[in-house]
Amino acid sequence: MAITLDKAASVNMTLEEFFNYDDGTDALYEFEDGKLLLMTAESEINRRIAMFILVCFVQLGIPAYRLSMKTEIMTTGSRVRVPDLVVFSEELATAMEGAKRSTVMPEMPPPLLVVEGVSPNQSSRDYRYKRSEYAARGIAEYWIVDPIQQRVTVLEWVEGFYEEKVYLGDSALAQLNEVIASLVFADLKLTAVQVLQCH
């Protein structure tokens with residue numbers, strides 16, 4: 001039996017129901033505490049930022065099969081998140097081969113890196129909830145790119161928790177040339193200004 005979005009929003013779903021849910025559109029959903037969370041259309045700046053970072057990773061020599069946009073990740077409990085950009089390890093890329101749905105399941109290795117672009121009214125989800133969920137999943141690096149606050153927060157997984165470094169994107173500030181330090185991509189030469197002003 002198909003569940004309409006109105007009913008789905010008010011009824012607790014199981015994880016199996018979520019994976020089988022189809023509202024007849026191309027809409028994307030995250031799944032949290034038994035509820036569907038409709039992913040709103042991406043802002044143009046967030047789309048550009050994600051594409052810019054993707055191209056930078058390709059230029060670093062990351063093969064296309066290890067880069068993905070809008071791949072689902074099962075995190076803690078039965079939560080499912082859909083980051084803007086995901087970088088797979090070789091092991092995860094192998095585990096994803098032949099998958100009918102682009103979902104990183106709990107038994108699979110974690111991604112190396114996820115990138116989330118902050119949207120208006122969604123900052124607590126990106127800064128708080130996803131931070132703890134991605135850390136619990138063992139994702140080595142989590143970038144929060146915030147065009148509203150003009151900053152890039154890089155979280156590196158150390159002994160089960162994220163250590164945070166913030167890079168400011170306001171070109172009037174002194175540290176505008178500070179290169180984003182990445183444990184995953186040591187050769188990266190990006191600044192927050194380049195990421196946030198990628199147009």
Salt bridge (charged side-chain N to carboxylate O under 4.0 Å, His left out): which pairs involve residues 131-141, sequence neighbours left out?
-> Arg79-Glu133, Arg81-Glu133, Arg131-Glu164
Parallel, tilted or perpendicular: which fits the ring planes of Tyr142 and Tyr162, with parallel below 30° and perpendicular above 60°?
-> tilted
Could you label the plane-to-plane angle of the Tyr29 and Tyr21 rings as parallel, tilted or perpendicular, counting under 30° as parallel and over 60° as perpendicular?
-> perpendicular
Not counting sequence neighbours, list each pair that qualifies as a side-chain hydrogen bond (donor to acceptor under 3.5 Å, both in side chains) and has a residue in residues 54-66.
-> Tyr65-Glu90
Heavy atoms only: give me the nearest Val193-Gly169 pair and the separation to one decimal.
-> CG2-O, 3.6 Å
Are Ile180 and Leu85 connected, step by step, through hydrophobic side chains (Ile, Leu, Val, Met, Phe, Trp, Tyr) whose heavy atoms are closer than 4.5 Å?
-> yes
Excluding sequence neighbours, so at least two apart, what forms salt bridge (charged side-chain N to carboxylate O under 4.0 Å, His left out) with Glu44?
-> Arg47, Arg48
Of all heavy-atom pairs between Val104 and Phe88, which one has the smallest distance, and what is that distance?
-> CG2-CE2, 4.5 Å
Can you check whether Phe161 reaches Glu163 side chain to side chain, under 4.5 Å on heavy atoms?
-> no
If you take all heavy atoms of Ala181 and Val154, which pair is closest and at what distance?
-> O-CG1, 3.9 Å
Point-to-point distance, once rounded to the nearest 0.5 Å, from CG of Leu36 to CZ of Phe18 | 6.5 Å
With sequence neighbours excluded, residues passing ring-ring contact (aromatic ring centres under 6.0 Å, His included) with Tyr127 | none
Output for pair (Asn12 CG, Lys35 NZ), nearest 0.5 Å, gives 4.5 Å
Heavy-atom check, side chain of Ile62 versus side chain of Phe185, under 4.5 Å = yes
Rounded to the nearest 0.5 Å, how far apart are CG of Asp23 and OG1 of Thr25?
-> 3.0 Å
Check against side-chain contact (heavy atoms from CB on, under 4.5 Å), Asp84 and Met69 = CA-CA 5 Å; Asp84 295 306; Met69 301 181 88; 5.8 Å; no
What do the steps show when you test Trp157 against Ile139 for side-chain contact (heavy atoms from CB on, under 4.5 Å), and what is the final call?
-> CA-CA 7 Å; Trp157 194 76; Ile139 297 171; over 6 Å; no
Find out if a path of hydrophobic residues (ILVMFWY) with successive side-chain heavy-atom gaps under 4.5 Å connects Val86 to Leu183.
-> no
For residues 106-117, please give each side-chain donor-acceptor pair under 3.5 Å, one per line with the distance, not counting sequence neighbours.
residue: Glu116; atom: OE1; partner: Lys130; partner atom: NZ; Å: 3.4
residue: Glu116; atom: OE2; partner: Lys130; partner atom: NZ; Å: 3.1
residue: Glu116; atom: OE2; partner: Tyr134; partner atom: OH; Å: 2.8

Does Met39 sit in a hydrophobic cluster with other residues, and if so which ones, taking ILVMFWY side chains as linked at heavy-atom separations under 4.5 Å, directly or through other members?
-> Leu28, Val82
Can you tell if the side chain of Phe57 reaches within under 4.5 Å of the side chain of Leu188, non-hydrogen atoms only?
-> yes
Check the surroundings of atom CZ in Arg101: do more than 12 heavy atoms from other residues, nucleotides or ligands lie under 6.0 Å from it?
-> yes
Backbone N or O of Gln194 within a donor-acceptor pair of the Gln197 side chain at under 3.5 Å?
-> no
Rounded to the nearest 0.5 Å, what's the gap from CG on Leu190 to CG on Leu196? Could you check?
-> 10.5 Å
Rounded to the nearest 0.5 Å, what separation is found between the OG atom of Ser182 and the CG atom of Asp187?
-> 10.0 Å
Ile45, Val195: one ILVMFWY side-chain cluster at the under-4.5 Å cut-off?
-> yes
So do the side chains of Val184 and Val87 get within less than 4.5 Å of each other, counting heavy atoms only?
-> no
For Val152 and Ala192, which heavy atoms make the closest approach, and how far apart are they?
-> CG2-CB, 3.9 Å
So CD of Glu30 and CD1 of Ile73: to nearest 0.5 Å the spacing works out to 9.5 Å
Any idea which heavy atoms bring Ile148 and Asp146 closest together, and the distance?
-> N-OD1, 3.0 Å
Give the cluster check for Leu54 versus Leu60: same hydrophobic cluster or not, with ILVMFWY residues linked at side-chain heavy-atom distances below 4.5 Å.
-> yes
